[in-house]
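Accompanying notes for the structure given below.
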Amino acid sequence: MCYIYAGEIDTRFSYCALSSLAILGFLPASSPSAGPCPIDLSKAVEFVAQCRNFDGGFGAVPGAESHAGQIFCCVVSEKGGEMEGGREV
């Protein structure tokens, strides 16, 4: 039997995950001796990029309205992912 967890999906959680991994030294750019990154950074950065809106801001999920708090989370997340070959903000 297969269970699918449909929990929260929001750019705030991407920010929390990337920041936590950086603080703990699990992102290759934050620690040269770090092992394999426990998340797919390119997918994380891709998700955040999909949340960019026509006005230059970011929403919580793709298609959501721009919000100042989301802009902070998304810009910092993209910058964190950029360290591992993400796209430029």
Hey, what do you get for [atom1] ([X]) to [atom2] ([Y]), rounding to the nearest 0.5 Å?
| X | Y | atom1 | atom2 | answer |
| --- | --- | --- | --- | --- |
| Asp55 | Arg52 | CG | CZ | 10.0 Å |
| Tyr15 | Ser20 | OH | OG | 9.0 Å |
| Ser14 | Glu78 | OG | CD | 10.5 Å |

Next on the checklist: Quick one, Leu41 and Leu18 - any side-chain contact, counting heavy atoms below 4.5 Å?
Outcome noted: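 In short, these two side chains touch, coming nearer than 4.5 Å.
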
Checklist entry - So do Glu65 and Gln70 actually touch side chain to side chain, heavy atoms under 4.5 Å? => result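 Heavy-atom side-chain distance check fails, nothing below 4.5 Å.
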
Item to check | Thr11 vs Val61, side-chain contact (heavy atoms from CB on, under 4.5 Å): CA-CA, chis, key distance, verdict | outcome: CA-CA 7 Å; Thr11 52; Val61 294; over 6 Å; no

Checklist entry - Does the side-chain contact (heavy atoms from CB on, under 4.5 Å) test come out yes or no for Phe58 and Ser66, once each step is laid out? => result CA-CA 5 Å; Phe58 289 87; Ser66 296; 5.8 Å; no

Next on the checklist: Quick check: closest heavy atoms across Val48 and Ser77, and the distance to 0.1 Å?
Outcome noted: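 Heavy atoms of Val48 and Ser77 come nearest at CG2-CB, 4.0 Å.
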
Checklist entry - Nearest heavy-atom pair of Ala60 and Cys51: which atoms, and what distance? => result O-SG, 4.1 Å

Checklist outcome for this item: For residues 9-19, the salt bridge (charged side-chain N to carboxylate O under 4.0 Å, His left out) pairs (sequence neighbours left out) are Asp10-Arg12

